[in-house]
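The block underneath contains the structure these notes are about, expressed in structure tokens.
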Amino acid sequence: MTAVLRIDDVDFVRDGNYLLDSVSLTVEAGEHWALLGANGAGKSTLLSLAGAVAHPTRGVVEVLGHRLGRVDMRELRSYLGHVNPRHPLRTPLTVREVVLTGLTNTTELVPRWAPSAEQAEHADALIGLLGLDRRAATPWPVLSQGERGRALIARALMPEPRLLLLDEPATGLDLAAREQLLTAIDRLRGEHPALATVLVTHHLEELPATTTHALLLREGRCLASGAVDDVLTTDQVSKCFDHPVRISRHEGRWAARA
Ligand SMILES: Nc1ncnc2c1ncn2[C@@H]1O[C@H](COP(=O)(O)OP(=O)(O)OP(=O)(O)O)[C@@H](O)[C@H]1O
């Protein structure tokens, strides 16, 4: 089977600066990757290639078997789940309505569009999976940041994507909201075993226990990449963040201490 995502020896250059320098990443179905690195390391740039938002300057990117540069990027994006934490919603849609906009790939509801009974059921199942049953009819402005984040994941899953991209999903969440989010991601991965995910974060504490692989980026270069326990070591993470830290893993979750 073809990989869900294949990034092969890619450079991404802007204003003469190598934001990515010879970076490779292959993600197979059912794998859950963490992209880690300090501020400015190139994580968002790498995610924008995976999300068919940008082209590489050099090298090959294949998303869902389609090579960037030879495919309609807009159409390709409609098959991906890409969670943008700065969702630009302007109207007070309810959680259920926001989740349904994942089918039309729009921010607002499309006039005169209505979901089928099956689609509405699918939306409710995802709302339940993300732990938002009691919030389904709540308007967006009333939701907490954590609830919005989980609603956006449910929205991204509506078209049943094979690849889900999560850009710092736990940023700004309090402890309880972060734990609810990570539990929801773990459940999601359990119930959709073929789904592949790529999650960007600065913090090891924000990694779900179901993370299978990791890639460490430092100044646009890949420092280490592979099975998560081989990559998230005290030595490599210290190098990645240019700071001595001690990494431990307890009951599946990671911690970093100076
Ligand atoms: N269009 C651009 N032109 C020039 N430099 C850019 C451009 N976009 C991003 N950069 C720079 O590229 C570097 C990598 O940015 P990127 O956003 O990918 O890093 P990041 O690892 O996601 O960082 P953060 O953790 O702070 O979000 C940064 O130094 C950034 O300032």
Could you work out, with side-chain hydrogen bond (donor to acceptor under 3.5 Å, both in side chains) as the rule, every residue matching His202, not counting sequence neighbours?
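Result, side-chain hydrogen bond (donor to acceptor under 3.5 Å, both in side chains) vs His202: Asn39.
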According to the side chain to side chain donor-acceptor pair (under 3.5 Å) rule, which pairs have a member within [range], sequence neighbours left out?
range            : answer
residues 166-176 : Glu168-Thr171
residues 147-158 : Thr101-Arg155, Arg135-Glu147, Ser144-Glu147, Arg150-Gln180
residues 187-198 : His32-Arg189, His32-Thr197, Arg189-Thr197, Arg189-Thr210

Sub-4.5 Å side-chain heavy-atom contact between [X] and [Y]:
X      : Y      : value
Leu216 : Leu232 : yes
Val63  : Val61  : yes
Val200 : Leu46  : no
Leu181 : Pro169 : yes
Val99  : Met158 : yes
Leu195 : Leu157 : yes
Leu164 : His82  : no

Could you give the distance from [atom1] ([X]) to [atom2] ([Y]), rounded to the nearest 0.5 Å?
X      : Y      : atom1 : atom2 : value
Leu199 : Leu166 : CG    : CG    : 5.0 Å
Leu76  : Leu68  : CG    : CG    : 6.5 Å
Leu64  : Tyr79  : CG    : OH    : 9.5 Å
Asp235 : Cys240 : CG    : SG    : 11.5 Å
Phe241 : His203 : CZ    : NE2   : 8.0 Å
Thr94  : Ile127 : OG1   : CD1   : 7.5 Å

Could you tell me whether the side chain of [X] and the main chain of [Y] form a donor-acceptor pair under 3.5 Å?
X      : Y      : value
Asn17  : Leu19  : no
Asp11  : Ser22  : yes
Gln236 : Thr233 : no
Glu97  : Leu109 : no

Which pairs count as salt bridge (charged side-chain N to carboxylate O under 4.0 Å, His left out) when at least one residue sits in [range], sequence neighbours excluded?
range            : value
residues 115-134 : Arg96-Asp124
residues 60-83   : Arg6-Glu62
residues 241-253 : Glu179-Arg253, Arg218-Asp242, Asp229-Arg249
residues 13-23   : Asp21-Arg221

Pick one: which of Ile7, Val10, Asp8 meets side chain to side chain contact (heavy atoms under 4.5 Å, CB included) with Pro56?
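Of all the options given, the one that passes is Val10.
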Given Thr212 and Glu31, is the side-chain hydrogen bond (donor to acceptor under 3.5 Å, both in side chains) satisfied, shown in steps?
CA-CA 6 Å; Thr212 59; Glu31 292 183 350; 5.7 Å; no
Grab the two heavy atoms, one from [X] and one from [Y], that are nearest each other, plus how far apart they are.
X      : Y      : value
Ala177 : Gly146 : CB-CA, 4.3 Å
Leu126 : Ala154 : CD1-O, 3.6 Å
Pro115 : Ala120 : CB-N, 4.2 Å
Glu28  : Ala3   : OE1-CA, 3.7 Å
Gly220 : Val23  : O-CG2, 3.3 Å
Pro161 : Gly81  : CB-N, 3.4 Å

Candidate pair Arg257 and Val245, rule side chain to side chain contact (heavy atoms under 4.5 Å, CB included), full reasoning:
CA-CA 5 Å; Arg257 278 187 208 85; Val245 286; over 6 Å; no
Before you tell me yes or no, could you show the steps for Val237 and Val231 under side chain to side chain contact (heavy atoms under 4.5 Å, CB included), namely the whole-Å CA-CA distance, both residues' side-chain angles and the distance that decides it to 0.1 Å?
CA-CA 8 Å; Val237 176; Val231 171; over 6 Å; no
List for me each residue that meets ring pair (Phe, Tyr, Trp, His ring centres under 6.0 Å) alongside His213, sequence neighbours excluded, and say none if there are none.
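Here the qualifying residues are Trp33.
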Who passes side chain to side chain contact (heavy atoms under 4.5 Å, CB included) against Pro88, sequence neighbours left out?
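Once residues adjacent in sequence are excluded, the partners of Pro88 under the side chain to side chain contact (heavy atoms under 4.5 Å, CB included) criterion are Thr107.
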Establish whether [X] and [Y] are linked, either directly or via other cluster members, by ILVMFWY side-chain heavy-atom contacts under 4.5 Å.
X      : Y      : result
Leu188 : Val198 : no
Leu130 : Val142 : no
Val27  : Ile153 : no
Leu5   : Phe12  : yes
Leu80  : Leu25  : yes

Which pairs pass ring pair (Phe, Tyr, Trp, His ring centres under 6.0 Å) with one or both residues in residues 106-126, sequence neighbours excluded?
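Residue pairs with at least one partner in residues 106-126: there are none.
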Audit row: Thr138, Leu143, side chain to side chain contact (heavy atoms under 4.5 Å, CB included) steps and yes/no:
CA-CA 7 Å; Thr138 305; Leu143 298 175; 3.8 Å; yes
If you group Ile, Leu, Val, Met, Phe, Trp and Tyr whenever their side-chain heavy atoms sit less than 4.5 Å apart, what else falls in with Tyr18?
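Listed partners: Val13.
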